[in-house]
*Asks:* 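My questions all concern the structure below.
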Amino acid sequence: MVDPRVTRLAQVLVRYSLQLRPGDLFRINGNAVTAPLVQELYREALVAGAHPFTNITLSGLDELFYRYGSDEQLGYVADLKYQEIEQIDATITLLGDENTRSLSGIDPQRITLAHNARRDLQARMIQRAAEGGLRWCVTQFPTQAGAQDADMSLMEYADFVYGAGLLDQADPVAAWESVCAEQQRLI
């Protein structure tokens with residue numbers, strides 16, 4: 001059974017944060033451990049009339065990439081990634097992993113090489129977002145590893161994450177709209 005707060009989080013993300021519309025091409029990025037939220041986002045996107053697709057990875061693949069990939073592989077960015085960034089209307093990245101320290105033994109220069117190779121792709125994403133052609137969001141999903149990093153139990157950490165998302169409110173979307181209105185008033 002899915003924690004009802006996961007469903008509410010998906011509703012906030014789809015209806016408020018990303019404001020998905022019918023026909024939107026919507027990419028969901030996440031680790032397999034974030035599957036409960038991936039599924040709820042997928043469902044909510046369908047209800048909104050969007051066209052969701054997933055980009056799911058497994059814990060440990062990044063470590064394998066950085067440890068065993070050649071410099072050429074670390075620096076390679078498929079043309080498909082550029083095509084994807086041009087076509088999607090909205091994207092979300094779910095933060096959550098089984099091991100938040102999996103890259104601690106990797107040479108930082110290898111990570112930098114891969115990040116530098118993706119700089120143009122990231123710049124294009126930011127440009128599309130600034131022009132209003134791409135809506136994006138990043139959110140935390142409570143995992144055991146995240147709870148350990150926070151020195152909390154998983155239950156305490158989930159309560160913290162979902163509380164920060166205003167999911168304890170009667171209508172979380174309305175609560176975020178109220179926060180937005182107050183911020184606009186202050187501006």
Side-chain angles (χ1 to χ4, degrees), residues 1-62 64-65 73 76-98 114-115 117-143 146 158 161-162 164-167 169-181 183-184:
M1 176 155 183
V2 174
D3 184 329
R5 298 173 299 182
V6 175
T7 301
R8 294 176 75 144
L9 177 56
Q11 291 167 347
V12 168
L13 295 167
V14 166
R15 298 177 191 176
Y16 174 77
S17 301
L18 294 168
Q19 299 177 0
L20 288 186
R21 300 180 289 259
D24 278 348
L25 184 57
F26 174 47
R27 180 180 65 190
I28 304 167
N29 301 309
N31 189 294
V33 74
T34 67
L37 183 54
V38 170
Q39 291 174 325
E40 290 301 303
L41 284 166
Y42 196 92
R43 185 181 59 74
E44 283 295 320
L46 290 170
V47 169
H51 302 290
F53 71 99
T54 59
N55 179 25
I56 307 302
T57 189
L58 302 175
S59 293
L61 291 183
D62 282 347
L64 292 172
F65 176 67
Q73 288 169 316
Y76 176 76
V77 181
D79 288 339
L80 181 60
K81 291 292 183 188
Y82 287 96
Q83 294 168 16
E84 188 175 286
I85 209 66
E86 293 299 332
Q87 294 195 17
I88 58 175
D89 299 297
T91 185
I92 189 165
T93 298
L94 308 179
L95 303 177
D97 207 332
E98 292 176 5
H115 283 282
R118 287 152 185 78
R119 185 176 290 150
D120 290 343
L121 183 65
Q122 187 69 22
R124 180 60 183 139
M125 182 180 150
I126 291 168
Q127 180 183 14
R128 283 205 60 226
E131 294 168 348
L134 175 64
R135 297 177 312 280
W136 62 274
C137 183
V138 177
T139 194
Q140 185 70 45
F141 182 78
T143 65
V161 170
Y162 295 138
L166 305 181
L167 303 178
Q169 302 293 310
D171 184 348
V173 172
W176 278 109
E177 288 169 344
S178 176
V179 168
C180 180
Q183 288 176 339
Q184 290 303 313

*Asks:* Just so I know, are the side chains of Val6 and Leu9 near enough to count as touching, which here means a heavy-atom distance under 4.5 Å?
*Replies:*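 Answer no - side chains too far apart.
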*Asks:* So, the side chain of Thr143 versus the backbone of Gly146: is there a donor-acceptor pair under 3.5 Å, distance only?
*Replies:*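 Indeed, once roles are kept as given, a pair shorter than 3.5 Å links the two residues.
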*Asks:* Mind listing the closest non-hydrogen atom pair of Pro172 and Leu166 along with its distance?
*Replies:* CB-O, 3.5 Å
*Asks:* Any side-chain to backbone donor/acceptor pair from Arg27 onto Phe53? Under 3.5 Å, distance only.
*Replies:* no
*Asks:* Using a distance-only test with no angle check, is there a side-chain donor-acceptor pair under 3.5 angstrom linking Gln127 and Glu131?
*Replies:*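 Yes, Glu131 and Gln127 have a side-chain donor paired with an acceptor closer than 3.5 Å.
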*Asks:* Going by distance alone, is a donor N or O of one side chain under 3.5 Å from an acceptor N or O of the other, for Ser59 and Asp97?
*Replies:* yes
*Asks:* Quick check against the 3.5 Å criterion: does Glu44 have a side-chain atom that pairs as donor or acceptor with the backbone of Val14?
*Replies:* no
*Asks:* Once you round to the nearest 0.5 Å, how far does CG of Leu37 lie from CZ of Arg5?
*Replies:*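 Answer for the CG-CZ pair, Leu37 versus Arg5, is 12.5 Å.
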*Asks:* Specify the closest pair of heavy atoms between Arg135 and Gln19, including all atoms of both residues, with the distance to one decimal.
*Replies:*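 Scanning both residues completely, I find the closest heavy atoms to be NH2-O, 3.7 Å.
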*Asks:* Nearest heavy-atom pair of Trp176 and Gly165: which atoms, and what distance?
*Replies:* NE1-O, 2.8 Å
*Asks:* Taking all non-hydrogen atoms of both residues, which atom of Leu18 and which atom of Ala90 are closest, and how far apart?
*Replies:* CD2-CB, 4.4 Å
*Asks:* Just wondering, do Glu40 and Gln11 contact through their side chains at under 4.5 Å, heavy atoms?
*Replies:* no
*Asks:* I'd like to check Leu58 versus Asn31 (side-chain heavy atoms, cut-off strictly below 4.5 Å). Are they in contact?
*Replies:*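 Side-chain contact under 4.5 Å: no.
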*Asks:* Drop me the distance from Gln87's CD to Leu134's CG, to the nearest 0.5 angstrom.
*Replies:* 12.5 Å
*Asks:* Looking only at atom types and distance, does a side-chain atom of Asp89 sit under 3.5 Å from a main-chain N or O of Leu25, one as donor and one as acceptor?
*Replies:* yes
*Asks:* Strictly by modelled atom types, are Gln122 and Arg119 linked by a side-chain donor-acceptor pair under 3.5 Å?
*Replies:* no
*Asks:* Return the CG to CE distance between Asp120 and Met125, rounded to the nearest 0.5 Å.
*Replies:*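 It comes to 14.5 Å.
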*Asks:* Are Asn29 and Ile56 close enough that some pair of their side-chain heavy atoms sits under 4.5 Å apart?
*Replies:* no
*Asks:* Within a strict 4.5 Å, meaning less than it, do heavy atoms of the Cys180 and Tyr16 side chains meet?
*Replies:*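 The answer is yes; the side chains approach within 4.5 Å.
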*Asks:* Report yes or no: does Arg128 contribute a side-chain atom to a donor-acceptor pair with the main-chain N or O of Ala123 at less than 3.5 Å?
*Replies:*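 Side chain of Arg128 to backbone of Ala123, a donor-acceptor pair under 3.5 Å: no, none is there.
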*Asks:* Taking the side chain as every heavy atom from C-beta outward, state whether Leu41 and Pro52 have any atom pair closer than 4.5 Å.
*Replies:*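 No, their side chains stay 4.5 Å or more apart.
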*Asks:* Within the side chain of Arg8, is there an N or O that forms a donor-acceptor pair under 3.5 Å with the backbone of Pro4?
*Replies:*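 No.
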*Asks:* If you measure from CD1 on Ile88 to NE2 on His51, what distance do you get to the nearest 0.5 Å?
*Replies:* 14.5 Å
*Asks:* Is there a side-chain contact (heavy atoms from CB on, under 4.5 Å) between Trp136 and Thr93? Walk through the geometry before answering.
*Replies:* CA-CA 8 Å; Trp136 62 274; Thr93 298; over 6 Å; no
*Asks:* State the CG-CD1 distance between Asn55 and Ile92, to the nearest 0.5 angstrom.
*Replies:* 13.0 Å
*Asks:* Over all heavy atoms of both residues, which pair between Ser17 and Cys137 is shortest? Give the atoms and the distance, please.
*Replies:* CB-SG, 4.1 Å
*Asks:* With side-chain contact (heavy atoms from CB on, under 4.5 Å) as the test, would you mind laying out the steps for Arg118 and Lys81 before giving the verdict?
*Replies:* CA-CA 10 Å; Arg118 287 152 185 78; Lys81 291 292 183 188; over 6 Å; no
*Asks:* How close do Ala117 and Tyr82 get, counting heavy atoms only, and between which atoms?
*Replies:* O-OH, 4.4 Å
*Asks:* Let me confirm one number: the CZ-OG1 distance from Phe26 to Thr91, rounded to the nearest 0.5 Å.
*Replies:*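 These two atoms lie 7.0 Å from each other.
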